[in-house]
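A short worksheet on the structure shown next.
In this text the structure is predicted, and so the values were computed from the model without any measurement. Lettering follows sequence order; numbering is per chain, from 1.
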2 protein chains.
Amino acid sequence: MTTADPAGSSRDLPHPVREEIRLESVLHALSDPMRLRIVRELAAVGDELSCSHFDLPVTKSTTTHHFRVLRESGVIRQVYRGTAKMNALRGADLDALFPGFLDSVLAAIEGQGERLGEPRRTAG
Amino acid sequence: MTTADPAGSSRDLPHPVREEIRLESVLHALSDPMRLRIVRELAAVGDELSCSHFDLPVTKSTTTHHFRVLRESGVIRQVYRGTAKMNALRGADLDALFPGFLDSVLAAIEGQGERLGEPRRTAG
DNA sequence: CACCTCGTACGATAGGCATCGTAGTACGGG
DNA sequence: CCCGTACTACGATGCCTATCGTACGAGGTG
């Protein structure tokens, strides 16, 4: 029975509902450089991205682990789309629970990236 | 020679300067319930508080550890005042580096505290 | 169907960390 | 000077986690 799911893939993943998202978990999820990098990129493109889109300096196993932490903490939503697994920020949920929090974190990442010597694109 | 420090205690503690404060470290520091509780209380009174002011459900050793994490991450500033060690939020530094971040976290703590069944004072 | 790509599951490992207890240091008061 | 209070330092412990490698499942493509 692989046809009993007209609206998507038959594999679906456990997510916390909005009310279950805990601030501590979100803060913990965001306190890892790899995960912060993922979130930053997701926010930058403002759209779903597949796991394989990201070119992280860790193995695929580890990447899977990080995406799981982000999903289980409520930071991202993951859905299968064919063989790809798409990831999107749960911006609306986070902003409803913690108004202004996500935006300030995203701004902080960018600001810190510029403060420290990060590879920039502005007139090399 | 205990008189060579006219402006304060002779014991002073290592703090990161503003530019050294890293977002990941701050997020990590705030991802612990005990530390979040400390920060919440510091913000609530808006003033310095001694370590012994806090009545945390852990031993004093552990309390010391948490204050240290908060200090080394740049979230609080600690100074000795006699035998007491006073703690204050580094609100100005954090807001300069990460505008709006601290406020949104503080609001989020409060909001979450009300959402979950927290002991409230409003008409029991 | 054979095969390739994407991602998972599982086990191992090493390091981090929240916690405790005990022993010790700094400071102020009698 | 002795003592009490405030906080620290250090070692132990048990859990969590970031990482890897390998083996596997699910879904397109020829």
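As a whole-Å value, the separation of Leu13(B) CG from dA6(D) P is 18 Å. For Leu36(B) and dA18(C), the CG to C1' distance is 16 Å, given to the nearest whole Å. Rounded to an integer number of Å, the gap from Glu72(B) CD to dA9(D) C1' is 13 Å. When rounded to the nearest whole Å, the span between CG of Asp12(B) and P of dA26(C) equals 14 Å. When the C1' atom of dA18(D) is taken as reference, atom CG of Leu70(A) falls 13 Å away, rounded to whole Å. One can place CD of Gln78(B) at 16 Å from P of dA6(D), the figure rounded to the nearest angstrom. Taking atom CG of residue Leu56(B) and atom C1' of nucleotide dC7(D), one finds them 14 Å apart after rounding to whole Å. When rounded to the nearest whole Å, the span between CZ of Phe54(B) and C1' of dC7(D) equals 14 Å.
If you check dA18(C), dT17(D), dG21(C) against the side chain of Thr59(B), the one that comes closest is dG21(C).
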Protein-nucleic acid N or O pairs under 3.5 Å, nucleotides 10-14 of chain D:
none

Which atom pairs link the protein and nucleotides 4-7 of chain C when you take only N or O atoms and keep those under 3.5 Å?
from: dG7(C); atom 1: OP1; to: Cys51(A); atom 2: N; distance (Å): 3.2
from: dG7(C); atom 1: OP1; to: Lys85(A); atom 2: N; distance (Å): 3.2
from: dG7(C); atom 1: OP2; to: Ser52(A); atom 2: N; distance (Å): 2.8
from: dG7(C); atom 1: OP2; to: Ser52(A); atom 2: OG; distance (Å): 3.3
from: dG7(C); atom 1: N7; to: Lys60(A); atom 2: NZ; distance (Å): 2.8

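The salt bridge (charged side-chain N to carboxylate O under 4.0 Å, His left out) analysis of residues 55-73 of chain A, with sequence neighbours excluded, yields no pairs. Sequence neighbours left out, the pairs with a member in residues 14-36 of chain A that pass salt bridge (charged side-chain N to carboxylate O under 4.0 Å, His left out) are Arg18(A)-Asp93(A), Arg22(A)-Glu24(A). For residues 32-64 of chain B, the pairs satisfying ring pair (Phe, Tyr, Trp, His ring centres under 6.0 Å) are Phe54(B)-Phe67(B), with sequence neighbours left out. For residues 95-111 of chain A, the pairs satisfying side-chain hydrogen bond (donor to acceptor under 3.5 Å, both in side chains) are Arg40(A)-Glu110(A), Ser104(A)-Ser104(B), with sequence neighbours left out.
Taking side-chain N and O atoms only, Thr62(B) has no distance below 4.0 Å to OP1 or OP2 of dA18(C). Between dA9(C) and His65(A), no contact under 4.0 Å exists linking OP1 or OP2 to a side-chain N or O. Under 4.0 angstrom from either OP1 or OP2 of dA18(D) there lies at least one side-chain N or O belonging to Arg35(A).
Applying the 4.5 Å side-chain rule to ILVMFWY residues, one finds Val79(A) in the same cluster as Met86(A).
Between Glu48(B) and Leu42(B), every side-chain heavy-atom pair lies at or beyond the 4.5 Å cut-off.
By the side chain to side chain contact (heavy atoms under 4.5 Å, CB included) test, Ser52(A) is found to be paired with Ser50(A), residues two or more places apart in sequence or in another chain being considered. Remark: Thr83(B) engages no residue in a side chain to side chain contact (heavy atoms under 4.5 Å, CB included) (not counting sequence neighbours).
Along DNA chain D, the nucleotide nearest to His28(A) and the one nearest to Pro57(A) differ in position, and the one closer to the 5' end is contacted by His28(A).
For the residue pair Thr62(B) and Thr59(B), a side-chain donor N or O sits within less than 3.5 Å of a side-chain acceptor on the partner.
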